[in-house]
Amino acid sequence: MKRMATEVTRMFEALTPQLAQNVFNMLVFPGFLAAFIIGFLYMGIVRKVSARMQHRIGPPLWQPFFDFFKLLSKENITTRDATGALATLCPVVSFASLMTVALFIPIAGLPGMFSVEPIFFQGSLFVVLYFLIMSSVFFAVAGFAAGNPFASLGSIRELTQLFAYEFPFVISLVTIGVLTGFRIVPLFTLQLPFAFFAFLMGVLGKLSLPPFHIPDAEQEIVAGPTTEYSGPRLALFELAKAAGFWVLISLGAVLYLGANSLLTFAVYSLALLAILIVFRVVFARLQIAQAFRFYWFVVGPLALIDLARVLLGFYVM
Amino acid sequence: MNLLPEALQRLFSRPATRRYPKQRPSLPPGFRGKVEWKKETCIFCMLCAINCPTNAIVVNREQKTWSIDVGKCIFCGKCHDVCPTNPKSVDNSDKFELAGPDKDKFKETHKK
Amino acid sequence: MHDFVLPFGPQHPALVEPAHIKLRVEGETIKGAELVLGYNHKGIEKSFENRPWAKGVFLSERVCGICGHYHTSCYCQGIEQMLGVEIPDRAKHIRTLVSELERMHSHMLALGLVAWEVGLDTLFHYIFRDRELVMDMQESLTGNRVHFAMNVIGGVRRDIGQENYGKMAKNLDTLEERLKHYLSVFRNDSLMKIRTRNVGHLSRMKAKELNPVGPNLRASGIDYDVRETGYLAYKDLKFRAVTGEGGDAQERCIVRAKECLESIRMIRLSLTTLTEIKGDISLKLPSAVSVKEGLETVSRVEAPRGELFYYMQSGGVKPTRVRIRTPTYQTFHVLEEILKGHTISDVPVIVASLDPCFSCTDRMTIIDTKSCKEKIITKHEILHMRDGGSHEAHGHGGHPHV
């Protein structure tokens, strides 16, 4: 017992301040714990505020936490047609890739793991982009792994929607990237309204919020990719969704609204959340083909206008 | 988009739903809840038992008992209508929370 | 791309009641639809035959939880026809008034569900909140929120007193304003329009051919409403049928909303008329009603979903046969036609826009699991079963079965 304690102490002594900070970044902030608490809190706020806007009381703010822990305590069911290993892997990878994204964002002016020297990616914007796509793809793969027609349809929709919103979303990020040298730094870029609009639409698509709650349209295809999931696996999907809220809203607050202190970060995040809630409350669901046309022929060209402005030098920081 | 003005207005008004077990609904006069029996006035004429559409009421004239199966009752109030006594010995009360896990508990027998 | 069969129901979030639609889909596009019913057999038609006429009133109300009052009205109307009696004017007006209240709550339920199916939860919550006003009125007039038990053979059971008028007038004013607002939402809301216009289109020609009933028919431009025959008090209330031209899901919603407004107008008129009509609310008939043996009649009323039809044959103190044709039974096969060519995301919207009610529609199907052959059970076979003793026709589960 004593020897173990000394071993542990020695291990901690061996940790360099840099390593300690990295562990903190990964596990506490802006990594796991922050995604867990703040992400679920965002989801709770969305549910509560939209309930009030719908003239009803709604669930308590901490309802997503209750749901999460309840799901964890439930039985883990693998259906006969499902690929069990893949089914477990998908939510984990989906969540992990979102957590990686969080490490690249200099949240609230605090140094993130990959956002300060010495490990500072020059093109971190691209890394973020790919990890965000990976998260969505694995969400879709989970649906295919379930072996259920509703889940398969949900996955097809998820992937179609990914192709739809990714075009304006990438253009929007590239527009900002040209200004920042493809790094993620706090930057106020509302002078580029179309880029911000494209980003916002992309976030709605990624989080499958109205009017783009197409992949998990309960009235049409039950729960979409997660139809066959229950218990801890579904809890992991919920966690991944919470992480999605946390990461995407943070990205928007930092990269588009330029949050560089704790206060501005909180204010901008909540403002973004409010916009998402309004969308959730007033919009009906589009069909997948309509959403595709909207992203490619409305949002995309608008985003291109801003990209052209930046590239041709009509915009100077 | 047509819903936005009302949605913003509702955000700051009191919700229309009620916190049910704490906040009681107000029942209108003449509400038909659980059927209750007053032993003082009953004359055991059997009319309620005969007219009950679901045969939920059973009256035993010899043993002077009146029983009802709330699980069978459909709250139509027919027993109240046909009761000949004054004041009526069968009446709908305001009780409406009648669900329960035990089927046998729905059967009640009252003795005079 | 392969086409595969996507089961829509019997258990599905978009369907409140059990029905099964086999959708043959290619990707998201529907190539064919097959309707399978028979999950919710209750045996009500059979049950009529072994209880006296007066108890049958309460049984007929249990056919449907949404439009129970129409079933009792239709049943009582049939018996009154056979007896050759006419109910007092006051009873007629009260029956009509409760009918129209029930129509409003049924139509608002349908509107709310369409809103929910297109993913517009907010509209769904608003409509259901306002529907509660109708439910409150029903509760204070009849004593129950659903299954009012308002009708008896020869009249109604409760009078409508002046004490209800103030609250009702207030509620009706609110409802009128709200329904006009919802009408404009269904007409003008951009996403609502995208999702419902030209969806599930039923042309006038096709409507004539397939012959659905109720708002679904009227939305296709065919003016057919049983209320126009002027039964009960509809003649006094100067009823005008609401028709539409589009024949799509949006038009069906608009017709329903307009019918609610027409109902409000009639309820107001009815309330004023009721202050003038004095007299009994019910005929004094013996409690054990007896109809001459062998007499038969058909009775029909306009339920929220369309024409409701009862056929009755008397066997003295009990009927020997009661046949119910519910509106959804007459409408639902339209689905196989109008679903074709749409995508899966349109299915819930189209189904909800038809406002189906399976509880009263389902008939029993027996499926032989060995040969997978289905057969619909006939009256003769049910009789035979009962004589055989052991398999009396009954449904499955713990719900009040027909």
Side-chain angles (χ1 to χ4, degrees), chain B residues 1-11 13-18 20 25-35 45-57 69 71-84 91-96 98-103 106, chain C residues 47 51-52 54-62 68 72 115 120-126 128-130 132-133 136-152 157-159 161 163-164 167 178 181-193 282 287-288 398 400:
Chain B
M1 279 307 259
N2 293 32
L3 296 170
L4 189 58
E6 188 179 358
L8 291 178
Q9 183 199 332
R10 291 307 174 201
L11 185 56
S13 62
R14 247 184 52 211
T17 48
R18 99 174 52 86
Y20 161 58
S26 64
L27 299 172
F31 174 80
R32 282 200 296 261
K34 188 187 165 191
V35 176
C45 66
M46 312 274 285
L47 271 178
C48 51
I50 293 164
N51 278 291
C52 179
T54 55
N55 303 326
I57 300 174
D69 184 348
K72 276 186 180 176
C73 178
I74 57 170
F75 310 98
C76 64
K78 191 80 185 170
C79 42
H80 171 81
D81 287 5
V82 296
C83 188
D91 200 358
N92 291 88
S93 65
D94 271 358
K95 290 179 190 155
F96 61 91
L98 304 169
D102 193 355
K103 217 172 175 180
F106 293 150
Chain C
S47 305
R51 62 191 66 206
K55 286 191 181 182
V57 180
F58 299 101
L59 180 64
S60 68
E61 193 150 49
R62 262 74 201 167
T72 57
L120 193 54
D121 287 7
T122 311
L123 185 58
F124 162 76
H125 285 297
Y126 288 167
F128 267 59
R129 175 199 65 200
D130 295 331
E132 209 57 25
L133 294 173
D136 283 350
M137 286 195 275
Q138 288 172 348
E139 195 179 21
S140 56
L141 289 187
T142 69
N144 286 8
R145 278 164 60 89
V146 288
H147 288 159
F148 314 128
M150 198 62 175
N151 286 331
V152 281
R157 290 175 56 199
R158 281 198 191 195
D159 205 350
E163 69 277 6
N164 292 311
K167 198 184 157 203
R178 296 302 308 175
H181 171 63
Y182 297 137
L183 195 61
S184 87
V185 173
F186 276 100
R187 269 205 187 118
N188 305 327
D189 187 83
S190 46
L191 280 177
M192 207 69 194
K193 241 165 39 185
S282 177
S287 62

Trainee: Does the pair C/Lys55 and B/Asn55 meet the rule for a side-chain contact (heavy atoms from CB on, under 4.5 Å), with working shown?
Mentor: CA-CA 10 Å; C/Lys55 286 191 181 182; B/Asn55 303 326; 3.4 Å; yes
Trainee: When you measure from the side chain of C/Arg51 to the backbone of B/Thr54, do you find a donor-acceptor pair of N or O atoms at a distance under 3.5 Å?
Mentor: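 Such a contact is absent between C/Arg51 side chain and B/Thr54 backbone.
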Trainee: Please classify the contact of B/Pro28 with chain C as side chain, backbone, both or neither, using a heavy-atom distance under 4.5 Å.
Mentor: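 When you check distances to chain C, only side chain atoms of B/Pro28 fall under 4.5 Å.
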Trainee: Quick one: NE2 on C/His181 to CG on B/Asn2, what's the gap to the nearest 0.5 Å?
Mentor: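 Between atom NE2 of C/His181 and atom CG of B/Asn2 there are 7.0 Å.
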Trainee: Side chain, backbone, both or neither: which part of B/Ala16 has a non-hydrogen atom closer than 4.5 Å to chain C?
Mentor: side chain
Trainee: Is it the side chain or the backbone of C/Tyr126 that comes within 4.5 Å of chain B heavy atoms, both, or neither?
Mentor: side chain
Trainee: Between the main-chain N or O of B/Asp81 and the side-chain N or O of C/Arg157, is there a donor-acceptor pair closer than 3.5 Å?
Mentor: no
Trainee: From C/Asp121 CG over to B/Leu3 CG, what is the distance, rounded to the nearest 0.5 angstrom?
Mentor: 11.0 Å
Trainee: Would you give the length of the straight line joining atom SG of B/Cys52 to atom CZ of C/Phe58, rounded to the nearest 0.5 angstrom?
Mentor: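 One gets 9.0 Å once the value is rounded to the nearest 0.5 Å.
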Trainee: Report the C-alpha distance between C/His147 and B/Phe75 in whole Å, list the side-chain angles of each, state the deciding distance to 0.1 Å, and finish with yes or no for side-chain contact (heavy atoms from CB on, under 4.5 Å).
Mentor: CA-CA 9 Å; C/His147 288 159; B/Phe75 310 98; over 6 Å; no
Trainee: Answer with side chain, backbone, both or neither: which region of C/Val152 has an atom nearer than 4.5 Å to a non-hydrogen atom of chain B?
Mentor: side chain
Trainee: Looking at C/Asn144 and B/Arg32, what are the two nearest heavy atoms and their distance?
Mentor: OD1-CB, 3.3 Å
Trainee: Is C/Thr122 close to B/Glu6 at the side-chain level, that is, under 4.5 Å between some pair of heavy atoms?
Mentor: no
Trainee: Check whether any side-chain heavy atom of C/Arg129 lies under 4.5 Å from a side-chain heavy atom of B/Arg10, and answer yes or no.
Mentor: yes
Trainee: So for C/Leu120, is it side chain, backbone, both, or neither that comes closer than 4.5 Å to the heavy atoms of chain B?
Mentor: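 Contact with chain B is through the side chain of C/Leu120 alone.
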Trainee: Return the option, out of C/Met150, C/Glu163, C/Arg178, C/Arg145, with the maximum number of heavy-atom pairs under 4.5 Å with chain B.
Mentor: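 Among the listed options, the one with the most contacts to chain B is C/Arg178.
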Trainee: Can you find a pair of side-chain heavy atoms, one from C/Glu61 and one from B/Ile74, that are under 4.5 Å apart?
Mentor: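 They are not in contact (no side-chain heavy atoms under 4.5 Å apart), so the answer is no.
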Trainee: Where on B/Leu47 is there a heavy atom nearer than 4.5 Å to chain C: the side chain, the backbone, both, or neither?
Mentor: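 Nothing of B/Leu47, per the 4.5 Å heavy-atom cut-off to chain C.
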